[in-house]
Amino acid sequence: MPFSPQHFEAKWRTAWRERGTYRVDTPSAGDERKPKFYVLDMFPYPSGAGLHVGHPLGYIASDIYSRYKRMEGFNVLHPMGYDSFGLPAEQYAIQTGIHPSESTATNMHRYREQFDLIGFSFDWDRKVVTSEPVYYKWTQWAFARMFDSYYDLAEGKAMPISDLVAAFAKTGVTGVHAASDSNLQFGAEEWREFSRKRQSEILMDYRIAYRKQAYVNWCEALGTVLANDEIKDGVSERGGHPVEKRPMLQWCLRTSAYAQRLLDDLEALDWTDSLKTQQRNWIGRSTGAQVRFAVEGSDASIEVYTTRPDTIYGTTFMVLAPEHPLVDRLTIADRREAVSAYKARAAGRSDIDRQSDVKEVSGEFTGAYALNPLSGKRLPVYVAEYVLMDYGTGAIMAVPSDDERDERFARHYGIEIIPVVDRPAGAKASDKVGTLINSAFLDGMPVKTAIAAAAARLEELGVGEGKTNFKLRDANFSRQRYWGEPFPIVYDAEGIPERAPDADLPVVLPKLDDYKPTSGGAGPLARATDWVNELPGYTRETDTMPAVAGSSWYFLRYMDPGNAEALASAEAMAYWQNVDLYVGGTEHAVSHLLYARFWQKFLYDLAVVPTKEPFAKLINQGMIQGVIETIFFHKGDKYFASADLVEEANRDAFAPNYVLVDYVSDYGFDDRASYLDVDQIERFRAWRPEYADTEFRFGADPNKFLTHSEVGKMSKSRYNVVNPDDIIGRYGADCFRMYEMFLGPIEQHKPWSVNGIEGVAKFLRKLYSLYYDEQDQWTVSDVAPTEEAMKSLHTAIKKVREDIERFSMNTCVSTFMICVNDLRGQGCRSGQVLEPLARLMAPFAPFFTEELWERLGHTDSIHLAQFPQLEEQYLVESEIEYPISVNGKKRTTARMPSAASKEELEASAKMLPELASYLAEGEIKRVIVVPGRMINFVVG
RNA sequence: GCCCUGGUGGUGGAACUGGUAGACACGCAGGACUUAAAAUCCUGUUCCCUUUGCGGGAGUACGGGUUCGAUUCCCGUCCGGGGUACCA
C-alpha cells in the first residue's frame with residue numbers, strides 16, 4: 001500500500017508556479033473588494049548555511065493561517081523576501097573574495113528552493129530584497145525625508161525642516177518647540193547672520209536624521225568599528241585585539257522624539273503582555289525632577305535628574321560622568337592630575353569593559369563642592385564612571401541611603417550616609433514606600449506625597465522643575481561597512497552635508513574589489529574614489545546604513561513591490577493598511593519591532609501611510625534548538641579526553657571542540673552525556689584531518705568516549721544545523737509540515753528531534769487509505785454518509801477552526817488523527833465526508849489534498865476552495881454521561897440530555913434516584929451544573 | 001541583580017474563560033499475521049496498595065491559601081530557559 005509523496009509533490013510545485021496559484025491582487029478602488037488580510041513572516045537573512053528546521057516553524061504556522069483565511073473568503077497577502085544586507089556576507093567576501101551580491105544571490109536561490117520544497121503559499125511576484133537598488137531607493141528616500149524633518153513638540157509630529165528654518169529667521173529660537181539636544185539660544189537677527197556652515201550645524205541638532213559625535217567600539221588593530229556582539233571579554237572576537245571607545249561622527253535617528261508615542265500606542269496592539277512589557281522597559285519612561293545645585297565659589301551650577309526628589313535631604317555628595325563638560329572647569333588645581341588620569345582611563349575603556357566590572361567602585365574627587373538648594377549642605381563633587389553621560393543630565397545627586405550604587409560608592413570613599421526614609425522591613429528603596437525622616441518640612445510624609453511636595457518646593461524656589469525622562473536613546477545609524485545602503489548624502493566644499501536630490505535616488509552601491517576597512521576609520525566605500533567624487537563639487541558620504549534600515553519598512557513594500565514612483569501606491573496602502581498578523585522570533589522583540597514602529601510613525605506624520613502602527617497582532621515563535629556536542633582537547637599534552645575525565649578542577653587545561661552532531665550516539669540515561677565509539681572517532685578524524693594522530697583517552701567505559709551535550713541555538717559554527725531537505729526527501733513535505741506543528745505550541749523553545757515523526761508519517765498513510773484501497777484504486781463513492789461519519793467530521797471541523805484561530809496548530813494535528821481513525825474504523829467511503837475532509841486538511845497538507853482535490857474531479861486549486869462549514873446538528877449528542885459529585889467528591893454518574901438548558905438540567909438532577917441515598921447526609925444547599933461537564937451537589 | 005517565561009507519565013505534549021488530569025503521538029511490553037524479518041493490526045502502559053475480577057489511595061516542582069471543586073486564581077520557596085546591564 002504505497003503512499004509516496006514523491007509521486008505528486010513535484011507535480012504540484014510546478015503546477016502552482018505555472019498557474020500562479022498563489023498570486024494576490026490588489027483590487028482597484030472601484031471594484032468589489034473582498035476583505036483583506038495581511039499575514040507576514042519576519043523575512044530571513046539569507047545565510048550560507050541555508051534554511052534550518054527552526055526557520056519553518058513560524059513560516060509553516062503562518063502559511064496554515066494564510067491558507068485558512070484565504071479559504072474563509074479573505075484576500076490574503078502573504079509575501080516573503082530577503083533581508084540581504086548584513087555583515088556575514090561582507091566577512092565571507094573578505095575571506096573568499098566573492099562579492100557579497102554573488103554569495104547573497106546564491107544563498108537566496110538556495111532558500112527559494114527550500115521554501116518551494118515545503119510548499120509555502122507565498123506570492124513570489126511580490127518578493128522584496130533589501131539589497132536591490134529598486135528597493136533601497138525607498139530606504140534612502142525615507143532617510144532623506146528624515147533628514148528634511150524635525151520633530152515639532154507642539155504639533156506632536158514630524159514637520160518639514162524648512163518650517164523650522166523659517167521660524168528661526170522670524171523669531172529665533174523663541175517660540176519654537178522642537179525636539180533637540182541643543183539648548184543654544186539665539187534670536188532671529190543672529191540666525192540670519194550665522195554662516196551657512198553654522199546654520200547647518202545648528203539644524204543638525206533638530207533634524208530627525210542627523211549627524212553627531214557618538215562613541216563607537218574602535219579596534220585599532222583591525223582598523224574598524226565593531227558591533228557589540230563582535231566583542232568578547234573586552235577584545236575583538238576575531239584576533240583578540242583590544243577595543244576602545246572612540247568618538248566618531250555618526251548618523252543617528254531621533255527615535256527618542258517618538259518615545260511617548262511608541263509607549264502610548266502599544267496599548268491598543270494585540271501583542272502578548274510580556275512583549276509589551278519588554279518594549280515598555282526598553283522605552284523606560286520615568287518621571288522625576290530636574291534640579292540645579294549651585295557650586296560653591298563658582299557661577300556654574302550642576303543640573304541633575306532624579307526620580308526621587310523627596311530624598312534630597314539625604315544627598316551627601318554629587319557625581320559627574322567623566323565626559324561631563326563641567327568636570328574640567330570645576331576640578332581644583334590639586335586634583336587636576338588625578339581627575340585627568342581618571343578621565344583618560346574611562347575614555348580608553350570600552351562599554352564592554354565598563355560593564356564587566358559593574359561591582360567595582362571607582363571615581364575621583366574634583367575638589368569642588370556643591371550646595372544643596374534646600375538645606376544648603378556642602379556636597380563634595382566626584383567624577384565616576386557609574387554615572388553615564390547619555391542618560392539624564394550626566395550628573396546625579398547621590399543619596400547613599402536610598403540608592404545601592406551611591407551607597408557602595410559612599411562606603412568605599414567614607415562618605416556620610418543620612419537615612420531619610422523610614423521603610424518597613426524588607427522593602428527596597430525602589431518600592432517607594434515608607435515615611436520621610438531627617439528631611440525638614442518633608443518629615444512624616446509618606447514617600448509618594450513627599451515626592452510631589454519636594455518637587456513643588458524646588459519649583460517654587462526656581463531651582464528645579466518636573467521632568468520626564470526616557471531610557472530610549474537615538475539610534476546610531478552609521479556603519480563603516482561596505483554591504484549596506486549608501487546614504488543619500490553629499491558634502492559640499494565646506495563639508496556641509498546636503499541630501500542628494502530625489503532624482504538621484506537610488507544612490508547605487510558601487511562595486512568594490514576590496515571590502516576591508518580603510519585605516520583612519522572611514523568605511524570601505526572611501527576606496528571607491530570615482531564614486532565618492534562623482535558629483536562635481538561634492539563628495540559622497542562613505543558610511544552605510546545598518547541592517548535594521550531595510551527591515552524597518554519592508555512590510556510596506558510588499559503591498560506594491562514594483563512601484564517606481566513611490567515606496568507603495570496610496571491605493572495599495574489604503575487597501576492593505578497594515579499587517580494583521582505578524583509572526584517571528586522573540587530575538588527581535590525589542591530592536592526590530594521598535595525601529596519598524598518608529599519608521600511607520602514617521603511616515604504616518606508625512607501622511608505617506610494610513611496607519612500609526614505596522615503590526616496589529618504579533619505572535620512570537622520559539623526557537624528550535626539544536627544539541628551542541630563538545631569534546632575536550634588537552635591544551636598542554638595535545639589529546640582528547642573523555643568527558644568523565646574532565647572535572648571542575650582541571651577544566652582550564654582543556655579547550656572545548658564542537659563535534660558534528662551526526663557523529664554522536666545518545667547515551668540513553670543521561671541527557672548531558674553522549675558518546676563516540678571507535679568507528680565514530682575514525683569518522684571524526686577523517687572530518688578533521690589535523691587531529692588524525694591525536695590520541696583519544698577513554699574514561700571509565702573503554703568503548704565509549706564521552707562527549708558533553710547541551711541544548712542551544714543552532715548555528716553553523718556549532719555544527720548542529722539540521723536542514724529540512726533530507727527529512728522532506730524521506731517523508732515528504734506534508735509530513736514535515738505537520739510534524740513541525742505537532743512538536744508543540746509554536747511559542748515554545750524546544751530542541752529539535754525526529755522522535756515521533758513516524759507517528760505523523762503513519763497518520764498520512766492512514767489518510768491515504770481512506771481514499772484508496774490496497775491496490776491503490778480510488779474508492780471514494782457517492783454513497784450517503786452515515787450519521788456517525790458526519791459527526792466525526794463536524795466535530796473535527798469545529799475543533800480545527802477554533803484551534804487555527806488561536807494558533808494552536810499542534811492540537812489540530814491531533815484532531816485530524818482522531819477523525820481519520822474514526823472514519824477508518826467506520827469504513828467510511830462517502831464523498832460527502834471525504835471531500836470536506838480534504839478541504840479541512842488543505843492548509844496543513846497542501847500537496848496531498850491538492851492531489852485528492854484533482855482526483856475528486858475539481859479543476860481549480862483546493863487553495864481557492866471554501867473551508868468546510870460547520871453543521872451544528874451533527875454535534876448534538878442526545879444524552880451525555882455526567883459525573884455526579886457531592887461536595888466535589890465524585891459519587892456516581894447519570895445520563896442526562898445534553899441539549900437541555902442549565903435550569904432544566906438542575907431540575908432533572910434533583911429528581912435523580914441516585915441522589916436519594918445522599919440526601920441523608922444533609923440538606924442540598926446548591927446544585928451546580930456545568931453543561932456538558934458535571935453536576936455537583938453542595939450539601940452541608 | 002532586575003525583567004520576562006516555564007516546571008504535568010519513560011518522552012513530546014493535551015486539558016479553550018477553575019469542572020472526570022494525562023487527549024493525541026513516540027517509546028516500551030504482550031499478542032495476531034509471517035518460514036522469518038519489515039510493514040500492518042489488536043491489547044496494555046501515571047504511581048502505589050490489593051487483585052481472579054472488582055476496588056482503594058496518592059498525584060500536575062515544593063509549602064500554604066481562596067473555592068463545593070485548583071494543572072488553572074492568590075502568597076511564599078526551589079529549579080530551568082530567554083533577555084538585559086551601573087538609567088539616578
Side-chain angles (χ1 to χ4, degrees), chain A residues 1 272-278 280-282 284 286 288 304-308 311 319 351-352 354-361 384-388 390-399 402-406 408-409 428 430 469-473 586-587 589-590 620 622-623 625 669 671 711-713 739 742-745 747-751 753-760 762-763 765-766 769 774 799 802-803 805-806 808 810-818 821 881-890 893 925-940:
Chain A
M1 191 206 69
T272 60
D273 288 338
S274 70
L275 199 78
K276 286 189 190 177
T277 309
Q278 277 185 63
R280 283 193 195 103
N281 292 347
W282 191 265
S286 68
V304 304
Y305 172 72
T306 177
T307 54
R308 294 295 302 273
T311 63
V319 186
D351 260 352
I352 309 292
R354 287 203 191 183
Q355 287 157 20
S356 55
D357 35 56
V358 164
K359 295 283 177 278
E360 193 192 295
V361 177
E385 259 181 5
Y386 83 91
V387 174
L388 307 176
D390 44 9
Y391 180 77
T393 61
I396 61 157
M397 57 175 228
V399 185
D402 283 83
D403 184 286
E404 210 181 301
R405 291 150 308 165
D406 295 347
R408 218 160 38 221
F409 194 88
K428 287 172 294 196
S430 55
N469 253 340
F470 295 93
K471 278 200 248 180
L472 183 71
R473 292 178 208 171
T586 355
E587 62 270 28
V590 181
N620 271 128
M623 225 179 344
Q625 297 154 315
F669 303 104
D671 61 349
V711 166
K713 263 190 182 163
Y739 178 61
F742 188 62
L743 270 178
E747 308 87 0
Q748 222 162 77
H749 302 253
K750 57 208 145 204
S753 104
V754 284
N755 287 348
I757 195 166
E758 289 294 343
V760 178
K762 203 187 284 180
F763 158 73
R765 287 195 292 268
K766 287 181 183 175
S769 74
E774 273 149 49
K799 188 130 199 338
E802 285 168 4
D803 286 349
E805 288 285 4
R806 62 188 179 103
S808 172
N810 56 332
T811 49
C812 290
V813 180
S814 295
T815 306
F816 292 139
M817 290 177 172
I818 294 168
N821 265 338
E881 183 98 342
Y882 280 84
I884 293 183
S885 54
V886 177
N887 281 352
K889 286 268 178 198
K890 192 183 159 194
T893 58
K925 289 207 168 133
R926 203 142 51 103
V927 182
I928 298 158
V929 175
V930 183
R933 301 274 187 183
M934 60 100 224
I935 298 167
N936 183 48
F937 295 92
V938 183
V939 271

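A, B, ... follow the sequence lines: proteins, then strands. Residue 1 opens every chain. These numbers come from the heavy atoms of this one structure, side chains and all, not from hydrogens, waters or symmetry mates.
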Thr307(A) has its side chain closest, among rC87(B), rA88(B), rA25(B), to rA88(B)
Could one point to a donor on the side chain of Asn936(A) or the base of rC68(B) with an acceptor on the other under 3.5 Å away? yes
Looking at Ser286(A) and Tyr305(A), what are the two nearest heavy atoms and their distance? OG-OH, 2.8 Å
In whole Å, measure the gap between the C1' atoms of rU45(B) and rC24(B) for me. 15 Å
Below 4.0 angstrom from OP1 or OP2 of rA25(B), is there any side-chain N or O of Asn821(A)? yes
Confirm from the modelled atom types if Arg473(A) and rC87(B) form a donor-acceptor pair under 3.5 Å, side chain to base only. yes
What nucleotide among rC24(B), rU40(B), rA88(B) has an atom nearest to a side-chain atom of Arg765(A)? rU40(B)
Using the C1' atom as the reference point in each nucleotide, state the distance between rA25(B) and rG80(B) in Å, no decimals. 25 Å
Interatomic distance at C1', rG82(B) relative to rU67(B), whole Å: 35 Å
Side-chain contact check for Ile928(A): nearest option of rU40(B), rC3(B), rC68(B) is rC68(B)
Nearest-angstrom distance, C1' atom, rU66(B) to rG18(B): 12 Å
Between rU17(B) and rG12(B), how far apart are the C1' atoms? Round to whole Å, please. 27 Å
Below 4.0 Å: OP1/OP2 of rA88(B) and any side-chain N or O of Tyr386(A): no
Distance between the C1' atoms of rU60(B) and rU20(B), in whole angstroms? 15 Å
Nearest to the Glu385(A) side chain among rA88(B), rC86(B), rA15(B), which nucleotide is it? rC86(B)
Take atom C1' in rU51(B) and the same atom in rG56(B), then report the distance between them in whole Å. 11 Å
Determine: side-chain N/O of Lys766(A) to OP1/OP2 of rU40(B), distance under 4.0 Å, yes or no. no
From the options rG83(B), rC86(B), rU40(B), select the nucleotide whose nearest atom is closest to the side chain of Gln278(A). rG83(B)
State the pairing partner of rC87(B); accept Watson-Crick or G-U wobble contacts with both distances under 3.5 Å, and report none otherwise. none
Distance between P atoms of rA15(B) and rG22(B) (Å, rounded): 13 Å
